[in-house]
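What you see below is based on every heavy atom in this structure, not just the backbone, and it leaves out hydrogens, waters and symmetry mates. Lettering follows sequence order; numbering is per chain, from 1. Predicted model, so just to flag it, every value in this text is computed and none were measured.
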There are 2 protein chains.
Amino acid sequence: MAHKPRSQMIAETRGKLLSAGRRAFGTVGYAEASMDDFTAEAGLTRGALYHHFGDKKGLFAAVVSQIDAEVTVRLAEITERAGGGWRGFVESCAAYIEMAIEPEIQRIIHCDGPAVLGESWMTTSQSGCLACLVDDLERLKADGVVGDIDPEAAARLINGASLHAAQWIANSDDPEATSKKAVAAFRALLEGLRVRAAERVGETVN
Amino acid sequence: MAHKPRSQMIAETRGKLLSAGRRAFGTVGYAEASMDDFTAEAGLTRGALYHHFGDKKGLFAAVVSQIDAEVTVRLAEITERAGGGWRGFVESCAAYIEMAIEPEIQRIIHCDGPAVLGESWMTTSQSGCLACLVDDLERLKADGVVGDIDPEAAARLINGASLHAAQWIANSDDPEATSKKAVAAFRALLEGLRVRAAERVGETVN
DNA sequence: CCACTCACATACGTGGCGTATGTCAATCAC
DNA sequence: GTGATTGACATACGCCACGTATGTGAGTGG
C-alpha cells in the first residue's frame, strides 16, 4: 500500500502546484511570486512546475482557467436560481460584480491576467463567464425582452462595466455605499438594452 | 555657447528617457522592456533613469501620466467641438473607444498599467479622462437629460465598458464590423441613463 | 579661483527564470 | 520475478535584468 497509483500521485502534485501558485498569484501578484518560494511551500521544486506546466506563464494560465471555470459555475447557479428572464439576468450581472470584488479574482483575472497572458487571451480565448452572458442575452433577445443589439457586443460591454465597477468598489473607502451607487447606475444602464416601455405590450416595469 | 543652460539639459534628458521608455513600454510591454536597451537607445544609461525617476516603475508612472494628460486634452477638445449636451457626451464616449484602440494606449494604460502600478492606482489616482466623464455627466444631470444616477458611478461603468469594447475591437478579425456592433450596443446602454421618452417633455429621440 | 553640488556613468551584487542533466520509482515485456 | 524503459521530479548551471553603491566631470556660488 505504501504508495498510491502513479496517476493519483501526479494529480496530487499538479493540484498542489496549482493551489500554491494560485495563492501566491492571488496575494503578492504574478511578478512578485517567486517560483522557488511557492513550489517549496508546496513541498516541491521548480522542476515539477516546469515538467507539468512548461513555465511560469503556463501555471498562471492554468490558474486562470481554473478560476474562470469556478466563476462560470457560480454564475450559472445564480442565473438558474433566479429563474432566468430579465430579472435572472440582472441578478447574475450583480453577482458578477460581487465576485469581481474578491481580491483573488481581482488580482489574478482582472489585474495580472491581461498583462501576463496578453489581453488578446482574455478576449479571444473562451472566457466562460462571457459565454454565460452571451447565452443569456441571446435568449432574452429571442424572447423580445431586449432590443436589436448584438449579444456578444452587449455582453462585453456589460463585462467591462462590471469589472470596473468591482475595482472601484473594492478600492473605495465605503464599499457598502459605493456598491449601492454602482449597482443603481448599472441597473440604469441595463435598462437601455430593453425594448422601451412604450414599445412593449403589457409587461411590468420591474 | 558650447553648452546650454543646466536646466534645459535636464529637461532634455528627462524627455528623452520618457519618450524612449514610452516607446518601449508601448511596443514590447513593461516586463519585456529592458532598461539597458531603451536607455541606450536614448543615448543614456540606467544611471540617468534612476536619478530622474527612482526606478522602472517610476518611469512607467510618468509615462502613464503623460498619456493620460494627452487623452484628457483630446477628449476635452472633442466634447467641446461637439457642442456639449447629450450628443456631445455620446461623441466623446465613442472617441474614447477609438482612442483606447490605439496599441500604445491599449498596452500601457489598460494592459500593463493596472498590473504594474496596482489597479488601485488607476482608480483612486486622478485619471483625467474619468474626471472628464464625471463633469459631463454632472452637467447632463443638472440639465435633466440623464436620470437620478451617481455621475461617478456611471462614469466608471462607461469607462469600463469602453475599454473592454476597445480591446474587443482591437483583437477582432474584422475591426470595422466589430466596431459598428460595439458602438450600437454602447449607444443602447447609454440610453438607459436618459430619462425615459414618456417622462420627457418634447425632445427628439436622437 | 576654489569648493561644492548635481547629473549622469560605471561597477558590482543579487535574485529569479529557463535549461540541461541526473536519479529514482513505477510500469511493461517476457 | 527480473531487466529495460518510461516518466516524474530534483539538482546544477548560466544568463539576464534590476537595484545600489561608487566614481567623475561639468556647472555654479562665494
Below 3.5 Å, can you tabulate the donor-acceptor pairs from side chains in residues 50-64 of chain A to any protein atom, sequence neighbours excluded?
from	atom 1	to	atom 2	distance (Å)
A/Asp55	OD1	A/Gly58	N	2.9
A/Lys56	NZ	A/Tyr30	O	3.0
A/Lys56	NZ	A/Ala33	O	3.0

Just how far, in rounded Å, is [atom2] of [N] from [atom1] of [X]?
| X | N | atom1 | atom2 | result |
| --- | --- | --- | --- | --- |
| B/Ile10 | C/dC6 | CD1 | P | 10 Å |
| A/Leu44 | D/dA8 | CG | P | 14 Å |
| A/Leu59 | C/dG18 | CG | P | 11 Å |
| A/Phe53 | C/dG18 | CZ | P | 14 Å |
| A/Met9 | D/dA10 | CE | P | 11 Å |
| B/Gln8 | C/dC6 | CD | P | 20 Å |

Looking at C/dC8, I'd like to know if its phosphate oxygens (OP1 or OP2) sit under 4.0 Å from a side-chain N or O belonging to B/His51. no
Check whether any side-chain N or O of B/Thr13 sits under 4.0 Å from OP1 or OP2 of C/dC8, and answer yes or no.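 For C/dC8, OP1 or OP2 has a side-chain N or O of B/Thr13 closer than 4.0 Å.
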Find the distance between NZ (B/Lys181) and CH2 (B/Trp168) and round it off to the nearest 0.5 Å. 5.0 Å
Tell me if a side-chain donor or acceptor on B/Ser19 pairs with a main-chain N or O of B/Lys16 at a distance below 3.5 Å. yes
Determine, for A/Glu41 against A/Arg22, whether the closest basic-nitrogen to carboxylate-oxygen distance falls under 4.0 angstrom. no
Under-4.0 Å salt bridge between B/Lys141 and B/Asp148: yes
Can you check nucleotides 17-19 of chain D for protein contacts, nitrogen or oxygen pairs under 3.5 Å, and list what you find?
from	atom 1	to	atom 2	distance (Å)
D/dC18	OP1	B/Ala33	O	3.2
D/dC18	OP1	B/Lys56	NZ	2.9
D/dC18	OP2	B/Met35	N	3.3
D/dG19	OP2	B/Tyr50	OH	2.5
D/dG19	O5'	B/Tyr50	OH	3.3
D/dG19	N7	B/Arg46	NH2	2.6
D/dG19	O6	B/Arg46	NH2	2.3

Count the heavy atoms of every other residue, nucleotide or ligand shown that sit under 6.0 Å from CG of B/Asp174, and state whether that count exceeds 12.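 Buried by this count: over 12 neighbours within 6.0 Å.
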